[in-house]
Amino acid sequence: MTDLVTVRDEGPVRIVRMNRPEKKNALTEAMYSALAGAIEEYGHRPALHCLIIGATPAGFCAGNDLHDFQSAIVGGVGLGQPVLRFLYALARCEKPLVAAVCGAAVGVGVTMLMHCDHVVCSEDARFSTPFVRLGLTPEAASSLIAPRLMGHARAFSLLVMGRALDAAQAQAAGIVNAVVAAAQVDAVAMQAAAEIAALPAASVVGARRLMRGDADAIVARIDAEAGVFKAQLATPQARAAIEAFFARRK
Ligand code: COA
């Protein structure tokens, strides 16, 4: 268990919050496990009809903890089991997911949104996936979902060129539903979650399954991406880029 992720149920809505503001909610393996557990349990609880992934006002999520990537390089491994468990939980989740995003969303902080059904963000939100700039490759089935969502050219700009999107651009790209003042993000996300939770639950699940398509294909892409990611993580470019991130602040 970790207190870096909090879980609270309000009626039919589960609110899962990343809570590591001093590191901009960079995700450690313990946090991935906690997030995965909360999503899996949500799927099994008949009384819960919507889940909100939120964070702290300091920023939504700075992506995978880069120290963990350094450990993975040393250990000769790729994305750890907790990471994959979280990604599978997102891909296999049958019930609706809402996200409340304030500030920076980076890496998996963006790609997890591609598994969500409704995303509310702050006016100052910024979305970036610097995988390739770090010598890495996209994960979380984003290589499959992003081109479907926004078209190949915009997905290439985001996932490969590493160009960030501001809130308005993210909305235009189809990642975000609503852009509101930072102080309103949680309330507006809760309003949407309550609206979804009030709908006939079986119809929501059925419609969502039809719209999202084959979860096995999404999981297969997560696995394929993880293989490429592991190979890239072993390269000198990735090691140097990650070291450069930490060195820039010494
Ligand atoms: N892994 C580990 N630590 C991270 C981190 C990450 N992904 N992202 C941020 N941190 C740490 C910083 O090292 C810093 O720690 P320190 O206070 O001990 O020096 C702290 O979090 C605050 O980060 P800082 O960069 O000072 O905040 P900021 O508001 O200027 O910028 C971000 C926020 C998210 C834009 C910036 O931290 C960033 O780009 N992080 C790296 C994102 C990334 O490359 N993720 C991996 C994607 S695959």
Side-chain angles (χ1 to χ4, degrees), residues 1-8 14-45 48 51-56 59-95 97 99-101 104-116 129-131 134-145 215-216 218-234 238-239 242 245-246:
M1 285 300 289
T2 174
D3 56 3
L4 299 181
V5 172
T6 64
V7 181
R8 196 178 83 244
R14 168 160 287 197
I15 301 145
V16 181
R17 207 175 281 283
M18 295 171 278
N19 184 33
R20 195 190 181 203
E22 71 285 1
K23 297 293 181 187
K24 307 290 174 179
N25 292 317
L27 294 178
T28 62
E29 294 210 330
M31 292 169 76
Y32 280 113
S33 295
L35 289 166
I39 295 168
E40 289 161 1
E41 193 189 55
Y42 160 60
H44 298 129
R45 287 257 189 107
L48 293 173
L51 182 148
I52 301 176
I53 302 175
T56 45
F60 182 66
C61 174
N64 202 102
D65 189 296
L66 291 171
H67 287 299
D68 281 3
F69 279 165
Q70 287 181 315
S71 303
I73 291 170
V74 172
V77 294
L79 295 174
Q81 206 47 46
V83 181
L84 291 173
R85 181 181 163 201
F86 170 62
L87 301 182
Y88 296 155
L90 287 174
R92 296 266 183 224
C93 185
E94 291 261 289
K95 297 203 260 180
L97 300 170
V101 180
V106 186
V108 71
V110 175
T111 56
M112 73 168 82
L113 302 176
M114 295 176 190
H115 297 267
C116 293
T129 55
F131 301 113
L134 290 170
L136 301 170
T137 43
E139 35 67 309
S142 58
S143 65
L144 180 72
I145 302 171
D216 287 342
I218 297 174
V219 168
R221 182 59 67 98
I222 289 170
D223 288 340
E225 289 171 343
V228 181
F229 195 98
K230 182 180 175 190
Q232 286 304 127
L233 200 53
R239 183 191 295 258
I242 294 168
F245 172 74
F246 289 116

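None of these values were measured; they are calculated from a predicted model.
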Rounded to the nearest 0.5 Å, how far does [atom2] of [Y] lie from [atom1] of [X]?
X: Arg14; Y: Arg45; atom1: CZ; atom2: CZ; result: 5.0 Å
X: Asp223; Y: Ile218; atom1: CG; atom2: CD1; result: 12.5 Å
X: Leu79; Y: Leu233; atom1: CG; atom2: CG; result: 7.5 Å
X: Met31; Y: Asn19; atom1: CE; atom2: CG; result: 7.5 Å
X: Asp65; Y: Leu27; atom1: CG; atom2: CG; result: 8.5 Å
X: Phe131; Y: Asn64; atom1: CZ; atom2: CG; result: 9.0 Å

For [X] against [Y], the heavy-atom pair lying closest together:
X: Ser33; Y: Pro82; value: OG-CB, 3.4 Å
X: Leu35; Y: Val5; value: CD2-CG1, 3.9 Å
X: Thr137; Y: Gln232; value: CG2-CG, 4.0 Å
X: Met112; Y: Leu90; value: CB-CD1, 3.8 Å
X: Leu51; Y: Ala38; value: CD1-O, 4.0 Å
X: His115; Y: Leu97; value: O-CD1, 3.6 Å

Under 4.0 Å between a side-chain nitrogen and a carboxylate oxygen: does that hold for Arg221 and Asp216? no
Donor-acceptor pair, side chain of [X] and main chain of [Y], under 3.5 angstrom:
X: Asp68; Y: Glu29; answer: yes
X: Lys24; Y: Ala104; answer: no
X: Glu225; Y: Ala140; answer: yes
X: Lys23; Y: Ala62; answer: no

Test side chain to side chain contact (heavy atoms under 4.5 Å, CB included), reference Phe60, set Ile53, Val106, Asn25, output is Ile53
Test applied, side chain to side chain contact (heavy atoms under 4.5 Å, CB included); reference residue, Glu139; option that passes from Thr129, Ile222, Thr111: Thr111
Heavy-atom side-chain proximity of Ile242 to Ile73 below 4.5 angstrom: yes
Mind running side-chain contact (heavy atoms from CB on, under 4.5 Å) on Leu136 and Phe69 for me, showing each step along the way? CA-CA 11 Å; Leu136 301 170; Phe69 279 165; 4.0 Å; yes
How are the rings of Phe86 and Tyr32 set to each other: parallel, tilted or perpendicular (split at 30° and 60°)? tilted
Hey, is CZ on Arg85 packed in by over 12 heavy atoms from elsewhere, all under 6.0 Å? yes
